[in-house]
There are 2 protein chains.
Amino acid sequence: MELTTAEENYLKAIYHLSEEGKKSVSTNDIAASIQTKPASVSDMLRKLGEKEVIQYRKYYGLQITELGKRLALQTIRKHRLWEVFLVDKLHFAWDEVHEVAEQLEHIQSTLLIERLDAYLNYPKFDPHGDPIPDEYGDVRSRPRIALNEMNIDQGGQIVAVKDSSAAFLRYLDKVGAYIGARIKVLDKVEFDGSVEILVDQKKTLFMSKDVASNILVLQS
Amino acid sequence: MELTTAEENYLKAIYHLSEEGKKSVSTNDIAASIQTKPASVSDMLRKLGEKEVIQYRKYYGLQITELGKRLALQTIRKHRLWEVFLVDKLHFAWDEVHEVAEQLEHIQSTLLIERLDAYLNYPKFDPHGDPIPDEYGDVRSRPRIALNEMNIDQGGQIVAVKDSSAAFLRYLDKVGAYIGARIKVLDKVEFDGSVEILVDQKKTLFMSKDVASNILVLQS
DNA sequence: CTTTATTTTTAGATTAATCTAATTTTAATT
DNA sequence: AATTAAAATTAGATTAATCTAAAAATAAAG
Ligand SMILES: [Mn+2]
Ligand SMILES: [Mn+2]
Ligand SMILES: [Mn+2]
Ligand SMILES: [Mn+2]
């Protein structure tokens, strides 16, 4: 069973939206997430239903199937491996990889992905801290908490970002909040949810709730 | 001006056929070379004509334009750089790279190709001995002669193969005729055009005219 | 110079992916 | 419960790439 590039993109979007814990994934959500029109989504849902990667009853909603999950995770695996390649080997900045990986993830060759994985030394996380599924679709995820939800005096290590937009990533570069940085919450402002943190025991940083909620921390 | 994947494939085929020194490139030739039907080719020729990558007058024939050459060489450059990557870095065999490179050549990102080129140390030839055009489309080609056209006692070095099919390349692997091998023509059979050669001053090899005509040698 | 063969193009369909506009269904408000 | 609003689907077009079958143009034979 092989999917087209468009089908892979839809399925990936559906998988991501499903994982976000929402009760169910709406046609509009999908349309927004892949920048297309709801009418196109309806059409594609019917096709994905026929291919049995989702269970779909019109107007009722959809559910991704086990087969669908497996295929989505394969695409995600490829996407993230290519991101590691671009950053580690070709020295792309972490905000420059997304578009290219979006294309590379659709290259069809199991040998290629096996070899790439080995070449990169079987990485477990991509440049944004997201876990790379293994070839069977198993994901080893770490328990993570959004920075804005930590309490004062708690410490930890930045392990991932929720938002991978170039604007956000470049902002993090600028303020020195990189993946792997050790942080500690110094203060929280009740009023607007902004936080003050200590980075690597030397630099203090203020950030809005909006920013903090997009930074994921492994608590220590 | 951007081309679709299909357009890039057609243009590449047209460029290769044009270079083969034929008077002109026929619709049927193109169809055969990319495994499609002449009717589809006619249609595409009209489109490529409109995009001015070829000059096309129906029934009369076509001529690739300067713009067309430039774009074709860009795709060929990408194809060959990826082939080098697959062989040098991911340890693909030289007969395993073609299909994958056929997909990778369509990835759109100038940054990616610049970085890949640098990462591979600006290779000048691909695993099959074909020259890699620079970013401006300049090709530094070496004077080469088909092995079956050499005379007895002449020597040289295998620098490329004309046929890149897996079957042919695996045959060459088996008999030990690799790119870079130093050879000398020991004997030629007038009757069927087959040749006997000495490889690396230690191994003698018989090969049919058909095989020899697909091996290109830099004479010394 | 006709007739035949070959090559090339057109006509008409098909499949995939997308859109706008209209319709239908479900959800929310009075 | 009736009306309005929102969400989802369908209808009908469009663009790209392909195919088969038919027609037209060119080339080759006689
Ligand atoms: Mn994609
Ligand atoms: Mn990522
Ligand atoms: Mn290709
Ligand atoms: Mn090659």
Side-chain angles (χ1 to χ4, degrees), chain A residues 1-14 17-18 20 22-64 68 71-72 75 102-103 105-108, chain B residues 1-14 17-18 20 22-64 68 71-72 75 102-103 105-108:
Chain A
M1 226 274 299
E2 55 283 323
L3 300 178
T4 65
T5 292
E7 286 169 343
E8 285 184 348
N9 284 334
Y10 273 95
L11 191 57
K12 198 158 59 93
I14 290 167
L17 290 168
S18 299
E20 275 174 19
K22 301 288 162 55
K23 43 250 117 185
S24 81
V25 179
S26 78
T27 300
N28 276 340
D29 286 349
I30 299 169
S33 106
I34 61 180
Q35 262 120 240
T36 183
K37 302 289 153 165
S40 309
V41 176
S42 284
D43 215 57
M44 183 58 89
L45 291 182
R46 192 184 40 71
K47 283 190 238 170
L48 293 177
E50 278 165 14
K51 293 205 170 183
E52 301 189 322
V53 294
I54 63 172
Q55 231 190 309
Y56 174 59
R57 275 172 55 217
K58 57 186 183 184
Y59 292 110
Y60 270 70
L62 65 92
Q63 177 112 38
I64 191 164
L71 295 177
T75 306
E102 205 58 44
Q103 298 178 61
E105 72 189 1
H106 304 291
I107 302 290
Q108 299 206 309
Chain B
M1 225 277 297
E2 55 283 323
L3 300 178
T4 65
T5 292
E7 286 169 343
E8 284 184 350
N9 284 334
Y10 273 95
L11 191 57
K12 199 157 59 91
I14 289 167
L17 290 168
S18 300
E20 275 173 20
K22 300 289 161 54
K23 42 251 118 184
S24 80
V25 179
S26 80
T27 300
N28 275 341
D29 287 350
I30 298 169
S33 105
I34 61 180
Q35 262 120 240
T36 183
K37 302 288 151 162
S40 309
V41 176
S42 283
D43 215 58
M44 184 58 90
L45 291 182
R46 191 182 43 70
K47 283 190 239 169
L48 293 177
E50 278 165 15
K51 292 205 170 182
E52 301 191 321
V53 294
I54 62 172
Q55 233 191 307
Y56 174 59
R57 275 170 56 215
K58 56 187 185 183
Y59 292 112
Y60 270 71
L62 66 91
Q63 177 113 39
I64 191 164
L71 294 177
T75 307
E102 205 58 44
Q103 298 178 61
E105 72 189 359
H106 304 292
I107 302 290
Q108 300 206 308

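Within every chain, numbering begins at 1; the chains are lettered A, B, ... in the order of the sequence lines, protein sequences first and strands thereafter.
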Do B:I14 and B:L48 come within less than 4.5 Å of each other through their side chains, counting heavy atoms only? yes
Just checking A:E50: does its CD atom have more than 12 heavy atoms from other residues, nucleotides or ligands closer to it than 6.0 angstrom? yes
From B:I34 atom CD1 to B:M44 atom CE, the distance as rounded to the nearest 0.5 Å: 7.5 Å
Please step through side-chain contact (heavy atoms from CB on, under 4.5 Å) for the pair B:Y10 and B:V41, ending with a clear verdict. CA-CA 8 Å; B:Y10 273 95; B:V41 176; 3.9 Å; yes
Closest non-hydrogen atoms of B:I64 and B:S18, given as atom of the first, atom of the second and distance, are CG2-OG, 4.2 Å
Phosphate oxygens OP1/OP2 of D:dA6: is one of them under 4.0 Å from a side-chain N or O of A:N28? no
Kindly give the heavy-atom pair with the smallest separation between A:L11 and A:L3, and that separation in Å. CD2-CD1, 3.7 Å
Nearest heavy-atom neighbours spanning A:L17 and A:S33: CD1-OG, 4.2 Å
A:K12 side chain vs A:L71 backbone, donor-acceptor pair below 3.5 Å: no
What is the first contacted nucleotide of DNA chain C and what is the last, in 5' to 3' order, if contact means an atom lying under 4.0 angstrom from a heavy atom of chain B? C:dT7 to C:dT10
Interatomic distance where CG belongs to A:L62 and C1' belongs to D:dA8 [whole Å]: 12 Å
Going by heavy atoms closer than 4.0 Å, what residues in residues 31-55 of chain A are next to DNA chain D? A:P38, A:A39, A:S42
In residues 1-10 of chain A, which residues come under 4.0 Å of DNA chain D by heavy atom? none
Answer yes or no: is there a side-chain heavy-atom contact under 4.5 Å between B:Q103 and B:T5? no
Using every non-hydrogen atom in the two residues, find where B:P38 and B:A31 come nearest and quote the distance to one decimal. N-CB, 3.7 Å
Can you tell me if A:Y56 touches the phosphate of D:dT9, counting only side-chain N or O atoms and a distance under 4.0 Å to OP1 or OP2? yes
